[in-house]
Amino acid sequence: MDNQNLVDMSVDFCGVSMKNPVTVASGTFGSGMEYKDFVDLNRLGAVTTKGVAITPWEGNPTPRIAEVYGGMINAIGLQNPGMDIFVKRDLEFLKDFDTRVIVNVCGHSVAEYVEAVERLSEVSGVDLLEINVSCPNVKEGGIAFGVDPSALNNITKEIKKKAKQPVIMKLSPNVTDIAEMARAAVDGGADALSLINTITGMKIDINRRTFAVANRTGGLSGPAVKPVAVRMVYQVANAVSVPIIGMGGISSAEDALEFIMAGASMVSVGTANFFDPYATIHIIEGIEAFMKKEGIKSLDEIRGCVK
Amino acid sequence: MDNQNLVDMSVDFCGVSMKNPVTVASGTFGSGMEYKDFVDLNRLGAVTTKGVAITPWEGNPTPRIAEVYGGMINAIGLQNPGMDIFVKRDLEFLKDFDTRVIVNVCGHSVAEYVEAVERLSEVSGVDLLEINVSCPNVKEGGIAFGVDPSALNNITKEIKKKAKQPVIMKLSPNVTDIAEMARAAVDGGADALSLINTITGMKIDINRRTFAVANRTGGLSGPAVKPVAVRMVYQVANAVSVPIIGMGGISSAEDALEFIMAGASMVSVGTANFFDPYATIHIIEGIEAFMKKEGIKSLDEIRGCVK
Amino acid sequence: MKKINATIIEQKYLIEDIFSMWLKCPDITDEAHSGQFVNLYTKDSSRLLPRPISICDVNREEGLLRIVYRTAGEGTRQFSTLKSGDNIEVTGPVGNGYELNASKAVLMGGGIGIPPMLLLAKELSEKGLSRDDIAVVLGFRDGTFLVDEFEKIATVYISSDSGSVGIKGNVIDATKHYDITGDMIYACGPKPMLRAIQQYSSENSIKTQISLEERMACGIGACLACVTRTTEVDEHSQVKNRRICVDGPVFYAEEVEL
Amino acid sequence: MKKINATIIEQKYLIEDIFSMWLKCPDITDEAHSGQFVNLYTKDSSRLLPRPISICDVNREEGLLRIVYRTAGEGTRQFSTLKSGDNIEVTGPVGNGYELNASKAVLMGGGIGIPPMLLLAKELSEKGLSRDDIAVVLGFRDGTFLVDEFEKIATVYISSDSGSVGIKGNVIDATKHYDITGDMIYACGPKPMLRAIQQYSSENSIKTQISLEERMACGIGACLACVTRTTEVDEHSQVKNRRICVDGPVFYAEEVEL
Ligand SMILES: Cc1cc2nc3c(=O)[nH]c(=O)nc-3n(C[C@H](O)[C@H](O)[C@H](O)COP(=O)(O)OP(=O)(O)OC[C@H]3O[C@@H](n4cnc5c(N)ncnc54)[C@H](O)[C@@H]3O)c2cc1C
Ligand SMILES: Cc1cc2nc3c(=O)[nH]c(=O)nc-3n(C[C@H](O)[C@H](O)[C@H](O)COP(=O)(O)OP(=O)(O)OC[C@H]3O[C@@H](n4cnc5c(N)ncnc54)[C@H](O)[C@@H]3O)c2cc1C
Ligand SMILES: Cc1cc2nc3c(=O)[nH]c(=O)nc-3n(C[C@H](O)[C@H](O)[C@H](O)COP(=O)(O)O)c2cc1C
Ligand SMILES: Cc1cc2nc3c(=O)[nH]c(=O)nc-3n(C[C@H](O)[C@H](O)[C@H](O)COP(=O)(O)O)c2cc1C
Ligand code: FES
Ligand code: FES
C-alpha cells in the first residue's frame, strides 16, 4: 500500500504541471466533448484540441479517410470552426475540467499563425500552444512549413514574439533529417517539441481505380507508424534539450512507455481513440501499474533511459 | 476460355522481357535457394538477389530483427558472402531456372560499388543491376548515399559508366522529397528505379530497457509501410518517365495491383515471404485472376491508371 | 453512448450476401431508436476502425438489437462468421435518428438502406399510424429480404433493378407507378437514389428525411471524417459541413447537398 | 520443408506457464528428428512472423508432432488458447538436429530447453543406448515437467534455481554433484547455461552439441537474421557467422562464440 502511494506520474512540462504524462493527439479527440461518455476528462494530463485557425476552414472533400493495415489515412484538411467560436465554446467547455489545455494552431501563412497565437494570448484557459506546421504554406505553393528548416525556424521566431504561453512546435515526420528540424525549431525559440504528425501516404481502390481519399494523399497514423515515431523521438531527444511530447501509434501503456524511454516527457494518444474510446484511461492505468511493478517512483527515472 | 488466353502478364522492363511483373525484394529471398521447397522459381518474373558487395560483409550484431505491428524492423547490416562466391554459387544456381535475375549491389564507397558493377559486367546470368544506395557511405560519416540528391546523382553516373546491364537505382524512403531523389537518379542515367527500401524505425524493449535490435535503429518493412510506398511510387511515376519496380508491404495481389495502378511496371514481394512462403505465387495467380475478371488484356491498360 | 461487449443471440443468412444478426446489448437498446446506428469492431487487429451499421430492429424488453448487413468487405465478412454465443464490441446508439412527425408516411429503402426502415415503420406504427398510413417502397437488386416483416404493419411496394420482383426500376419509379403519396418521405439507400428522391421531394414539395452514409473513422463525432455538404453554414462547424455520424445520419433533404 | 495447416490433437497445460501440444502433420513428422524445430504462425494479422518452437516428440505412425512451449508473449499465449480440432499453420521441420553419435550421452536441458531433449533421448534409446547410457540433467526454475517421460528411458538428475526440486543450482552443479560422465554432451537452454556448458566441456574435453536460439524472421535460411558468431569463417556466409535456423540450431560447442 505504501509503495502505491509513492508512484508519482506527474510531469512538469515547460513549467506547466500535469497530473500524468498522457494527453490526446490533436484532431482525434475533438475538444474532449465527444469523448465525455467514455473518458472522465479530469483524469487526463492534458487535452489537446483539434487544430484551430483564425477563421473557419472547410476542409477537404469526402471521402476524407481510408482504413489501412494497422492504421488509417486521413485528409480532413484541417476543417475547423475558427477562433471565435473555439474560444467561446470549446475553451469554455474545457474550463469545467481539472486538466491542462493544449491548443493546436494552424494557418495558411505566418501572419495567420501569428494572429491566432495573439488571440490565444488574450484568453484564459490555454496552458500551452502546439503549432501544427504541417499546414500548407499558401505563399510557398502549398509546401508545408514543417519540411523546410529555415521556414520552420522563421515561423517559430515569429510566433514566439507574440505567444504568452509556452510554444510546442509539432514536427512533421516527412523529412530526411528530423534532428535538423528539431534544432531549427529550438533555435527559433521553441519551448518544446511534439512529434510525429502523420506520414504522407496513399491508398488506391483497385476496383474503382481511384484514390481512396478524395485528396489523393493523406496522413498515415495508427499502430503502423509507431516504429518511425519512436525512432524520431529518440533522435530528437538526443539532439535538443527541450521537452518532447511523443506520439504516433500509441495504443497501450507499453507503447507509451516506449516513447518515454526514448525520451518523451509526455505522450499523446491519437488514432487509438477511434478503435478504443477508453484508450487514454487504459494507458494511464497501465503506466501506473508498470511503475508499481517495477518500483519506479517518478517518470524521471525512466525518461530517456534507453541510450 | 478464349478470354483466358488473352491475358498477357508479361512486362518489358528496360528491354528485358519478364513473364510476369512479380519479383522478390532483395534480402528477403536469399538467392531463391532457400525458397525452392515452396516456390517454383520458374514462375517468377525475376529473382532479385540479396545485396552483394565486392568483399564479404559480416553484418550487424544480433538481435538483428524485431517484430512490430504489421511488419518488422531489420538491421541485418548487409551481411553477404562477397562477389566471388556469389558469382560461383548463387548466380550458377539461378542459371538452372527460366527466370530473370536482378542482382542487388551494395558498397561502402563509390569505388566499391563501381568495382562490384564491373565484376558483374563480366559474368553471364545477370539481367539487371539494382543498386542499394541505403548503404552507409564510409567517406561521408556513414550517411547513406540515398538521402542526398547530389551523392545519388554522382554514384549513378559513376555506375552507369561501367555497367553493361540496365541499372535500377533503389530509392530510400527516408527523404523529404522522393521525386527530387528520383530526378537526381534519372539525371545521372538510371534506366529504372525501384522503391521503397525500408523506413528507419526503432523498437524499445521496455522490460529490458534496451533497444530491440542491437543496431538501435533498423529498417521497417511489411504491410505497415504500404501506404507510404504507394504514395512514393505514385509521386515518382509522375515525376520521371523511367520504369519503376514498386515494393513495400506487398502481401496480396490487391496490394500489387495498387502499386501497378500507381505507376509501377513491376512489383517486389519482400517481408510477405516470411509469413507466407507462397506469397509470390499467390500474387501472380491473383493478378491473373483480376485481369481475367476485369477483362484486362495487358498490364499496360492499368499501369498508372489512377491519376 | 456506450461501448459494450455484446453477445450474439442469432446470426441468420438472408439472401445473396445479406445477413441478419441479433445482439444482446440492453445498455444500447434502452436508448436506441430508428435511424440511429451502432459501431461494430472487428476482432482482426489489422482492421482497427469501427464499422457503422444501422439499427434494423430492437426488442427493448429483452435488450436485443438487430442489424441486417451486407458483406461488403473483410470486416463485414468476419461479422458473418460469428455464431450465437460469440461476442462483439459495439458502441452506440449513434446519431439523431428519424423524426416521427408524419401523419401519412412514405418510407423508401434501397438495397442495404432497407433495414433501418423496419424499425422506423414499427415506431410509426406504435405512434398510431395505420397500415394504410405507412407506405413502404423497397428497391431491391434482384432477390428480396425483410418483406414479410414490413407487411405486418405497412403497405409494401416493391421495385427491382432486374424486374424480377415488383416493378422494374427504382423506388421513385414505383412511387409514381403506384401513385404513392404522404406528408413525409423517409429514405435510406445509395447516393444516386437519395439524389433522385431529393429532387422528387423538392419538385413535389414533400418534406423528406434522408439518411446519409460516408466513410467514418471515430464514428462518434470527433474526427470530422464523415461530413456532408450543407446548404447553410452549420452552427457547430461554422462552415457548410455537418458530421453525418452525430449531426445525422438523418437530414432533411433540403439541408444537404449530395 | 513444408508449410501445412496442422490440426491440433491435444492441448495440455503442464505447469506455471508451460503447455504441451500435439499436432497432426504427417508431412512434417516423416522427416522430423531431434534438435529440429517448426515455425508456427499466429492467427493475429498484426503479428506476422513465425514462432520457432523445438520438436519435443513425434509419433511417426500417426503423423503426430509434439511441442512443449512457454507462453513468453502474445503469440505463444494465443497458441495456448487453441483447442483440439483447431488448426494452425506450421512449416518444418527446420534445421540440422542433433548427431546421434554418442555411446554414453549426457543430455542437459534448462527451462524451455528441456522439451527437445525428450525426442533426443528417445532417438538415442532407439539407437540402442541403455537407460544407464543416457543421463538426463534437467534444470528447472521451480516446478518440474516431463520428468516421468524421461525416466522411462533415461537416468534423470534434477537441479532447480530455488532448490525446491533436485539439487539447488544449475545443470553443471548437478553434473558435478552426481559426477555424471559421458562421451557426448547434448544441451539446450538459456544462453548463460550454454556458456557455462561450453566452458565445462572444453575444460573437461567432452564433445558437446548445443542448440542455440536467436530472433528469427524467415525461419528458413533466407534473411540472415538469426546468425551466431562462429570461431571459423563459414563456407556459406564467407564470414564468421552461421544461420541458426538452417545451419543449426545445433552446433558443436567449439564451433560457436556465445
Ligand atoms: C451510418 C451508416 C449506416 C450503415 N448501415 C449499414 C447497414 O445497416 N447495413 C450494411 O450492410 N451496411 C451499412 N453501412 C455500410 C457499412 O458500414 C460498410 O459496408 C462497412 O463498413 C464495410 O466494412 P468492410 O470491412 O466489410 O468493408 P471494407 O473492406 O472496409 O470496404 C468494402 C467496401 O465498403 C465500403 N465502405 C467501407 N466502409 C464504409 C463506410 N463507413 N460507409 C460506407 N461505405 C463503406 C467501401 O467503400 C468499400 O467499397 C452503413 C454505413 C454508414 C456510414
Ligand atoms: C530454434 C528455437 C527453438 C525454440 N524452441 C522453443 C520451445 O521448444 N519452446 C518454447 O517455449 N520456446 C521456444 N523458443 C522460443 C520461442 O520461439 C519464443 O518464446 C516465441 O517466439 C515468443 O513468441 P511470443 O509471440 O509469445 O512472444 P513475443 O511477444 O514475440 O516476445 C516475448 C519474448 O520472447 C522472446 N522471443 C521472441 N521471439 C523469440 C525467438 N524467435 N527466439 C528467442 N526468443 C524469442 C523475446 O525476446 C521476448 O522477450 C525457441 C526459439 C528458437 C529460436
Ligand atoms: C483524423 C485526424 C485528424 C488530425 N488532425 C490534426 C490536427 O488538426 N492538427 C495536428 O497537429 N495534427 C492532427 N492529426 C495528427 C495527430 O495529432 C497525430 O500527430 C498523428 O495522428 C499520429 O498519432 P496517432 O498515430 O496516435 O494517431 C490528426 C490525425 C488524425 C488521424
Ligand atoms: C530482412 C531484410 C533484408 C533486406 N536486405 C536488403 C538488401 O540486401 N538490399 C536491399 O536493397 N534491400 C534490402 N531489404 C529491403 C527490401 O528489399 C524491401 O525494399 C523492403 O523490405 C520493403 O519491402 P517489403 O515491405 O515488402 O519487405 C531488406 C529487407 C528485409 C526485411
Ligand atoms: S466519423 Fe468521426 S466525426 Fe463522424
Ligand atoms: S531466420 Fe531467416 S535466416 Fe534464420
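Chain letters run A, B, ... following the sequence lines, proteins first, then strands; residues in each count from 1. What's counted below: heavy atoms across the whole structure, side chains too, no hydrogens, waters or symmetry copies.
- Distance alone, capped at 3.5 Å, places no donor-acceptor pair between the T176(B) side chain and the V147(A) backbone.
- In this structure, the portion of F290(A) lying under 4.5 Å from any heavy atom of chain B is its side chain and not its backbone.
- Against chain B, the residues from residues 197-209 of chain A that qualify, each with a non-hydrogen atom under 4.5 angstrom away, are I199(A), T200(A), G201(A), M202(A), K203(A), I204(A), I206(A), N207(A), R209(A) in number order.
- Contacts of F211(A) with chain B are made by both backbone and side-chain atoms, with heavy-atom separations under 4.5 Å.
- Within residues 267-278 of chain B, no residue has any heavy atom less than 4.5 Å from a heavy atom of chain A.
- Inspection of non-hydrogen atoms places no residue of residues 238-248 of chain B under 4.5 Å from chain A.
- Interface remark: V230(B) contributes backbone and side-chain atoms alike to the contact with chain A (heavy atom separation under 4.5 Å).
- Counting heavy-atom pairs under 4.5 Å between each of P227(A), A224(A), G249(A) and chain B puts P227(A) at the top.
- The candidate from R216(A), E294(A), R231(A) with the greatest count of non-hydrogen atom pairs under 4.5 Å with chain B is R231(A).
- Top candidate by heavy-atom pairs under 4.5 Å with chain A, chosen from T210(B), T217(B), I260(B), is T210(B).
- Using a 4.5 Å cut-off between heavy atoms, L220(B) contacts chain A through its side chain alone, with no backbone atom that close.
- The shortest non-hydrogen separation linking Y69(B) to G70(A) is CE2-CA, 3.7 Å.
- Within the 4.5 angstrom heavy-atom criterion, only side-chain atoms of I73(A), from C-beta onward, approach chain B.
- Proximity to chain A among residues 300-307 of chain B is limited to I302(B), C305(B), V306(B), K307(B), judged by heavy-atom separations below 4.5 angstrom.
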